[in-house]
Amino acid sequence: MDLSTRYTPSEIEESTYALWKDSGAFQPPAPGEGSGRPFTVMIPPPNVTGVLHMGHALNGTVQDIVVRHRRKLGFDTLWVPGTDHAGIATQAVVEKKVYAEEQKTRQELGREAFLQRIWDWKEEHGNMILQQFQRLGCSCDWTRTAFTMDERLSHAVRVAFVDLWKRDLIYRGSRLINWDCVLQTAISDDEIEYEKRKGSLWHLRYPLTGRPGEFIVVATTRPETMLGDTGVAVHPEDARYKDLIGSTCRLPFVDREIPIVADDDVDAEYGSGAVKITPAHDPADYERGKRHRLAQINILEKDGRINAEGGPFAGLTREEARKQVVAKLDEMGLLEKIDKIEHNVSVSDRSKSPVEPMISEQWFVKMQPLAAPAIHALKQGWLQFRPERWGKVYLHWLENVLDWCISRQLWWGHRIPVWYDADEVPVASVEDLKIGDTHPTTGKPIVRQDPDVLDTWASSWLWPIATLGWPDKSSSDLQRFYPTQFLSTASEIIYLWVARMVMAGYAFMDELPEEQRNPFSTCYIHATVLDAKGKRMSKSAGNGIDPLDMIAQYGADAVRFSLILLTKEGQDVRLSPDRFEQGSRFCNKIWNAARFVMMNMAGERKAGSPVLEDRWILSRLAGTTKLVSAALDEYRFNEAASEMYRFVWNDFCDWYVELVKSRLTGADAESAAYARGTLVRVLRDILGLLHPFTPYVTEVLWQQLHEVIGEAASDLLIRAPWPDAAGIGADAQAEAEMGLIQDAVTSVRRVRALTMIGERKSLQAVVSAPAEEVRAVLERYRGTIANLAYLGELEISAAAERPAGSAVSVAAVLRRSCCSAPTWTSPVSSKCSKAAKRRRKRACRPCSANSRTRLSWNAPTPRWSRANGPARPSCARRSRCWRAIRTWVDGRRRPEEAGGIDPCHESGSGADLNCPPNENMRPVEPVGGAGQREPRPPTDKTQATPEVSLRCSVTRLS
RNA sequence: GGGCGAUUAACUCAGUGGCUAGAGUGUCUCGUUUACACCGAGAGAGUCGGGGGUUCGAAUCCCUCAUCGCCCACCA
């Protein structure tokens, strides 16, 4: 065995990943060979242009943990990977690249050639992000890798489109849409961002018709749109304008006479109280325009320049037009004033350019009929969000959903499968129609296909069904793996993606029972990854931490484990690079713990054991297994990871390994054999339980361990059954006794540290405990305690050793000891509360300037010098009294049976006189009574911890 | 404007009415013993954001205020 003392992830990660991949472990068993219990997860397909960021890394880790856990539990587990063609993003990337390399725009290249360039690019770079997921250790079934523009998925998109067409859920409409002038496409409402910008509110004077020299003043943030105005609206009750309602004014430049109308919608308080109406370029005006039957005049070209309607300004860009319009108005004396304001500007989230609302012909999907079953699914509980509160977000969107504009004026994407005849009569078809083919409904020749493509989400909403083979409903994957169980994604795509997938499930899987059409039973919304200052990590802000750098530096396991340890369900996480050190150290700890085990495997191994520490660690293992399994079942990853961290580091390494060392070299062969058996047992289960979190290191150690102990591993760890704590159970006695030993050892160590006695075997300690049972246990394990505390001798005493004077502090004792006194004494009560210490500290202030403040907790206190008795019961004591009474009243346990929790008798100090200390504290009636609180069941803790009070003194032997 | 979340040790966070509020990092002291110095032992560090209330008991439940963050809607 040649394990180095340091775990170096880079040496093993690549080969281990290959080992898994080649073994076929990532694929579910062939049909008929598995357990018949499917478990399916669909990866949220990242953009092909994407690069792995921390959000991906977290999401990949979450999914991989679930998948690996379920696989080990024996489910037929499938995790489908893939990428999204991401229309605008990808087209923009390649367009830029082509222009940089060839100085050609896409228009110059032509549609066919440009699309070919994108495909070339995709072949070359499109798998990058999936490879990065592999670096993270994700155990996806790569044989099923999908791409939203694959032939199969493209076919699904067409079938879905035509299906909706036939159901009359698709229509073409002239609507005010959001136009991105840079990318020259319509974008959906969900692709708009609002940016707070400083701007101006221009007050313009429109001359009133027939009243020379009189004006109506309108306020606007976009003065250039005045060229398209077809009306002015005022509030009907506004006294300033009441008499103008019904009259008209003249629009400068274009010299149009437009009416002044009354509309309740107008806020008389804002601006001038009069609002210009530009129905073709503003959503609110669009509605007002319709109400008052005003004309819609489009003044913009597709690229954002002013068109012929703009009269003298035709051909200018919108920015230029704004300047000139304002300047000219000013010249003409028609500019009343300019207010500086801060307002929200709607900006395209892709190009960051201001969105222009425009009237345009687009394709829409009627959403309400599709949304209804998706709402129902959540309300029925078929779909559950975690954390649950995201369900409200989902519902809110669905209940207020607007029709979905699905056409995009792009080239990269699924071309809309609609063809027209010469009369512009459209028809949708799954199969390609050619120019000249007969139009199926009109019988006339087809003259053209719709040039637009579909919104990216029109393919990704089919992801769970299309990747499994839909529309081929006989597909075995579809039958076997749909619906899926778990979807993990980011909160910002709940509407864009999650809700639409649910709609698609209901719309297209109509032969399944209602509940099973729902595409995933749990939608897990993972944390948002923020930087150390609490800002969202983003490429543009430049505050991102590259997960690949972190993997290179600390290893994939460390990155995964750290992320999970930091990420409590539903809570955003602040990240800085050094956070990954915790995971890295943990991996190293596991590595070395395993190393220790393997270094001690020479000799017989026996299972089970009468030895206390063996019984203890096995009992702890059983408890941990139960807790971790339950946490993973319910997707509480952070809890599971913390518990493993604690168990491995504190229980196994800090105590068990230390306890077992002397036995391994000792003369008692049988005891050593039990130790070896237990070490192997616990280590194997630890590796199994940790595998979903830290797959690489556990897999490698699993292989090594089996080599060392000379047993062939039954399988790779990735497929080995989930540890089930078979044959071991909780051993309350072992845990309680072990607790006493730990307390005793800690007491001695504390005295040693505080008094700074460096000596070891030459020392004798006296540990005193008032309770006889406690002494009996300590007596039994005297050797063990002495061993762990590096003592020559240990005496167990009933008498409370007290410092010479109760006011004496450790510091004082120490000083004396330096001169002559042979004895260091320190009263030590186990589990001395930090809060209590602080209270004491406050009580004994002021400390003298040169005394060692940090030791001053040692002043006598009610807590440990009970003989004096507290003056009155402490708050804690009172509350424990109350609990004891209720426990007794509940009939669960009598106080004396309640494991020593009866505080009234705990010290024999007479502290029970005031119990119950407050006359309001009465036992509650055990039964009945409206509004009565459900009694808490006693916890394990209350049963397990006997009251311990230990003190320790240390004496030099010589 | 509407909704959601956060506020606990110097930092990052656990802690859903009950035992003395915990962990990791950082700090201080001591330490090389069958794995691990990415280690071990020990210590110091908290008015649980403020204020009210409910309760025998509140970090936890309710009200309120403050600060920070996210999402949605958006007034020209």
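Just so it is clear: chains get the letters A, B, ... in the order the sequence lines come, proteins before strands, and each one is counted from 1.
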Between [X] ([atom1]) and [N] ([atom2]), how many Å, whole number?
X	N	atom1	atom2	value
A:N400	B:rC74	CG	C1'	15 Å
A:D285	B:rC75	CG	P	9 Å
A:M226	B:rA76	CE	C1'	15 Å
A:K589	B:rC36	NZ	P	10 Å
A:R389	B:rC71	CZ	P	13 Å
A:L563	B:rG24	CG	C1'	15 Å
A:E492	B:rC70	CD	P	12 Å
A:W397	B:rC72	CH2	C1'	13 Å

Indicate, with a heavy-atom threshold strictly under 4.0 Å, whether [X] touches base, sugar-phosphate, or nothing.
X	value
A:V393	nothing
A:I277	nothing
A:R288	base
A:D654	sugar-phosphate
A:R222	nothing
A:E581	nothing
A:W655	nothing
A:C653	base
A:K568	sugar-phosphate
A:T221	sugar-phosphate

Original post:
Are A:R585 and B:rU25 close enough that a side-chain N or O sits under 4.0 Å from OP1 or OP2?
Top reply: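 Checking A:R585 against B:rU25: at least one side-chain N or O falls below 4.0 Å of OP1 or OP2.
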**OP:** Please check the phosphate of B:rG40 (OP1 and OP2 only) for any side-chain N or O of A:W649 closer than 4.0 Å.
**Re:**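 For B:rG40, OP1 or OP2 has a side-chain N or O of A:W649 closer than 4.0 Å.
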Subject >> Distance in Å, A:T225 OG1 paired with A:L227 CG, rounded so as to fall on 0.5 Å steps >> reply: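 It comes to 8.0 Å.
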Subject >> Inter-residue atom distance A:L705.CG - A:L679.CG, 0.5 Å rounding >> reply: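 Here the rounded value is 10.0 Å.
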Subject >> Nearest-nucleotide 5' precedence on RNA chain B, A:N592 against A:K392 >> reply: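 Looking at the nearest nucleotide for each, A:K392 comes out on the 5' side.
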Original post:
Any donor-acceptor pair under 3.5 Å linking the side chain of A:D557 with the backbone of A:P9?
Top reply: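 Judged by distance alone, no pair lies under 3.5 Å.
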What's the closest nucleotide to the side chain of [X] if the choices are [options]?
X	options	answer
A:L664	B:rU34, B:rG42, B:rA35	B:rU34
A:V657	B:rA35, B:rU34, B:rG24	B:rA35
A:R595	B:rA76, B:rU12, B:rC36	B:rC36
A:R749	B:rU12, B:rG42, B:rA35	B:rG42
A:V266	B:rC72, B:rU34, B:rA76	B:rA76

When rounded to the nearest Å, what value does the distance between [atom1] atoms of [N] and [M] take?
N	M	atom1	result
B:rU20	B:rG2	C1'	44 Å
B:rU34	B:rC28	P	29 Å
B:rG15	B:rC61	P	12 Å
B:rC11	B:rG53	C1'	34 Å
B:rU54	B:rU29	P	50 Å

Subject >> Partner residues of A:Y7 under the ring-ring contact (aromatic ring centres under 6.0 Å, His included) criterion, sequence neighbours left out >> reply: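 So A:Y7 forms a ring-ring contact (aromatic ring centres under 6.0 Å, His included) with A:W591.
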Subject >> By ring-ring contact (aromatic ring centres under 6.0 Å, His included) - contacts of A:F385 (at least two apart) >> reply: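 Residues passing ring-ring contact (aromatic ring centres under 6.0 Å, His included) with A:F385: A:Y394.
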**OP:** Indicate yes or no: does A:R222 engage A:D282 in a salt bridge with an N to O separation below 4.0 Å.
**Re:**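 Here A:R222 pairs with A:D282 in a salt bridge, since their nearest N and O are under 4.0 Å apart.
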Subject >> Polar side chain donor-acceptor pair, A:S562 to A:R579, under 3.5 angstrom >> reply: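 Absent: no donor and acceptor within the cut-off.
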Original post:
Looking only at side chains, do A:R595 and A:N592 share a donor and an acceptor under 3.5 Å apart?
Top reply: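 A:N592 and A:R595 do have a side-chain donor-acceptor pair below 3.5 Å.
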Subject >> Watson-Crick or G-U stems of RNA chain B, 3 or more pairs, under 3.5 Å, by first number >> reply: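 RNA chain B stems, ordered by first number: B:1-7 with B:66-72, B:10-13 with B:22-25, B:27-31 with B:39-43, B:49-53 with B:61-65.
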Original post:
Should the ring pair A:F586 and A:F561 be called parallel, tilted or perpendicular, given that the plane angle runs from 0 to 90° and is split at 30 and 60?
Top reply: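 It falls in the parallel class, under 30°.
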